[in-house]
2 protein chains.
Amino acid sequence: MTRPPQKRRVETRARLLAEASRLIEAQGYAGLRVEDVVEAAGVAKGTLFAHFRDKDGLLAVLIGVEVMHLIDGMETATPPQDLPQLMERLEPLLDFVASDRVIFDLLLRYSGSTGAERDEVVAEGFYRQIDLWAGWIAGMQAAGTVRGDHPPALLAEGIQAFLNQVIAIRFCQGEQATGTPAEALYPFLAAWLVT
Amino acid sequence: MTRPPQKRRVETRARLLAEASRLIEAQGYAGLRVEDVVEAAGVAKGTLFAHFRDKDGLLAVLIGVEVMHLIDGMETATPPQDLPQLMERLEPLLDFVASDRVIFDLLLRYSGSTGAERDEVVAEGFYRQIDLWAGWIAGMQAAGTVRGDHPPALLAEGIQAFLNQVIAIRFCQGEQATGTPAEALYPFLAAWLVT
DNA sequence: CTGCAAAAATGACCATGGTCAATTTACATA
DNA sequence: TATGTAAATTGACCATGGTCATTTTTGCAG
């Protein structure tokens, strides 16, 4: 018999998330310090770890929310009819993940994790995204603009793979990265989705 | 005018690497502590950081060496003629990278980095590997066992992408991962390399 | 209202990676 | 061999994420 959380707990959690979000907006993900978050939220350090498994657990919630919004946006838009339209739909997510190394690392670590106890926002977003893309692909297969010789789910996971690849290489290249992530992604998707 | 390193420096570096390697063999990558390494090597903590940028820098050298050996093995073997043979050639590398989360994370972080000052072993291995694969692919394209409508370099990078994807998902799944990495990789490569 | 058990929060404490001014050692040159 | 300088090393110190026994608060039963 697990009781529902007390009002105080809910408020504290909300304050921690809100202050963390504010600090990140001001100084980026990389600069976020646990000490700063708890001070801003007016709680002791131990409290943060009573609400989140670790610092990454907190970040996962914040990033998960962003990803969910981006997926909402993708779901709302009309399904793409061909590769250029697919690229358009993917671009916001691509830019978000490519915007900060911390985001990328965290998504790569948690995505697909069957978050038994882990904050599940990220894993949930991951599956939503794959399902959504698979649906798009099924439509494009029907329209004949995408290869039909493999199941949509496989092709959708492949999109994920190329997305990660392109972004990983960008971060490794550091400053000397050239062009947009989308430009780097295009040739891979063209080869992957069209025969 | 930069002088060559003194004998003492070379020896110290070798001792640090040897002891770290020994400790890793005993307790795995994740359990390696800087304190233990310097104690075993009989040097002060600061010395380690005078030889390697950070803990990951040391790990990169050790892992880079392993990767180089694996690439040596791939180079020595006869080039694959078709997809099943390609899988066979890739398997040792796949298993190595999948064997430890620390290895995977580090390779993903450093691979492709133009290691201006960074220990370059990993980046170098990355390019060697892509070049090698591209060569294989060119051969298979000529033999007609792999699609010829895209440049070998692109297809080679795609192999890398799927390799990472498969392993990332395995680590996220944790204990409940099923089958071998190679089994998970096969359908992706089949779709990627054959039309 | 009171007592009490579970929930929530606390903060001193720990673990570990990393820094850097000070010290020691190696080696080229006179 | 004496000496000066650059290389190499040192270890006290710091930064920061994370722990846990203890204390405070909450809300319910009597």
Side-chain angles (χ1 to χ4, degrees), chain A residues 1-21 23-24 26-63 101-102 105-106 109-110 117-119, chain B residues 1-21 23-24 26-63 101-102 105-106 109-110 117-119:
Chain A
M1 206 46 205
T2 61
R3 303 196 179 180
Q6 298 178 5
K7 195 186 312 177
R8 185 169 49 140
R9 182 175 172 83
V10 175
E11 289 165 358
T12 301
R13 184 187 148 102
R15 221 165 343 117
L16 285 167
L17 287 170
E19 293 302 327
S21 177
L23 287 168
I24 287 166
Q27 37 182 185
Y29 283 90
L32 190 71
R33 296 187 319 126
V34 169
E35 299 264 15
D36 293 342
V37 176
V38 296
E39 188 192 334
V43 299
K45 192 189 260 189
T47 301
L48 188 145
F49 295 98
H51 283 262
F52 306 96
R53 171 186 292 265
D54 50 23
K55 188 185 170 188
D56 275 359
L58 184 151
L59 288 180
V61 174
L62 292 174
I63 291 172
R101 198 185 211 102
V102 176
D105 284 354
L106 192 136
R109 201 178 319 279
Y110 286 180
E117 48 182 348
R118 175 66 75 180
D119 291 308
Chain B
M1 211 42 208
T2 60
R3 304 196 179 179
Q6 297 179 4
K7 195 187 310 177
R8 184 169 49 140
R9 182 175 172 83
V10 174
E11 288 165 357
T12 301
R13 184 186 148 101
R15 219 162 346 115
L16 285 167
L17 287 171
E19 292 302 327
S21 177
L23 288 168
I24 287 167
Q27 36 180 195
Y29 283 90
L32 189 72
R33 296 187 321 126
V34 169
E35 300 263 15
D36 293 341
V37 176
V38 296
E39 189 192 333
V43 299
K45 192 188 259 188
T47 300
L48 188 145
F49 295 99
H51 284 263
F52 307 96
R53 171 186 292 267
D54 51 23
K55 187 186 171 187
D56 275 0
L58 183 151
L59 288 180
V61 173
L62 292 174
I63 292 172
R101 197 184 212 102
V102 175
D105 285 353
L106 192 137
R109 203 179 316 282
Y110 286 0
E117 47 183 347
R118 174 68 74 180
D119 290 308

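Note that the coordinates shown come from a computational prediction; the quantities given were computed from them, not determined experimentally. Chain letters run A, B, ... following the sequence lines, proteins first, then strands; residues in each count from 1. All values below were derived from every heavy atom in this structure, side-chain atoms included, with hydrogens, water molecules and symmetry-related copies excluded.
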[X] [atom1] - [N] [atom2] separation (whole Å):
{"X": "B:Glu11", "N": "D:dA7", "atom1": "CD", "atom2": "P", "answer": "18 Å"}
{"X": "A:Phe52", "N": "D:dT19", "atom1": "CZ", "atom2": "P", "answer": "15 Å"}
{"X": "A:Glu39", "N": "C:dG11", "atom1": "CD", "atom2": "C1'", "answer": "14 Å"}
{"X": "B:Leu16", "N": "D:dA8", "atom1": "CG", "atom2": "P", "answer": "13 Å"}
{"X": "B:Phe49", "N": "C:dT16", "atom1": "CZ", "atom2": "P", "answer": "13 Å"}
{"X": "B:Asp54", "N": "C:dT16", "atom1": "CG", "atom2": "P", "answer": "17 Å"}
{"X": "A:Gln6", "N": "D:dT25", "atom1": "CD", "atom2": "P", "answer": "13 Å"}
{"X": "B:Glu35", "N": "C:dT16", "atom1": "CD", "atom2": "P", "answer": "8 Å"}

Write down the protein N/O and nucleotide N/O pairs, taken from nucleotides 9-15 of chain D, whose separation is under 3.5 Å; answer none if there are no such pairs.
| residue | atom | partner | partner atom | Å |
| --- | --- | --- | --- | --- |
| D:dT9 | OP1 | B:Thr12 | OG1 | 2.4 |
| D:dT9 | OP2 | B:His51 | NE2 | 2.8 |
| D:dT10 | OP2 | B:Ala44 | N | 2.8 |
| D:dT10 | OP2 | B:Thr47 | OG1 | 2.8 |
| D:dG11 | O6 | B:Gly46 | N | 3.4 |

Check: To the nearest 0.5 Å, what is the distance between CD1 (A:Ile24) and CG (A:Leu17)?
Finding: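 Result: 9.5 Å between the selected atoms.
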
Notebook entry, point to check: For B:Lys55 and A:Pro4, take the nucleotide of DNA chain C holding the closest heavy atom to each; which residue's nucleotide lies nearer the 5' end?
Noted result: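 The 5'-side residue here is A:Pro4.
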
Check: Closest heavy-atom contact between B:Ala41 and B:Leu16?
Finding: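 Answer, listing the atom of B:Ala41 first, then B:Leu16: CB-CD2, 3.8 Å.
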
Item checked: Derivation and outcome, side chain to side chain contact (heavy atoms under 4.5 Å, CB included), residues A:Leu32 and A:Val102 -> CA-CA 11 Å; A:Leu32 190 71; A:Val102 176; over 6 Å; no

Notebook entry, point to check: Would A:Val38 and A:Thr47 satisfy side chain to side chain contact (heavy atoms under 4.5 Å, CB included), going step by step from the backbone distance to the final call?
Noted result: CA-CA 8 Å; A:Val38 296; A:Thr47 301; over 6 Å; no

Next item on the list: State which residues pass salt bridge (Lys or Arg N to Asp or Glu O under 4.0 Å) with A:Glu39; sequence neighbours excluded, sorted by chain then number.
Entry: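 Checked A:Glu39 against salt bridge (Lys or Arg N to Asp or Glu O under 4.0 Å); zero matches.
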
Margin query: For B:Lys55 and B:Val37: C-alpha separation, side-chain torsions, deciding distance, then whether side chain to side chain contact (heavy atoms under 4.5 Å, CB included) applies.
Written below: CA-CA 10 Å; B:Lys55 187 186 171 187; B:Val37 176; over 6 Å; no

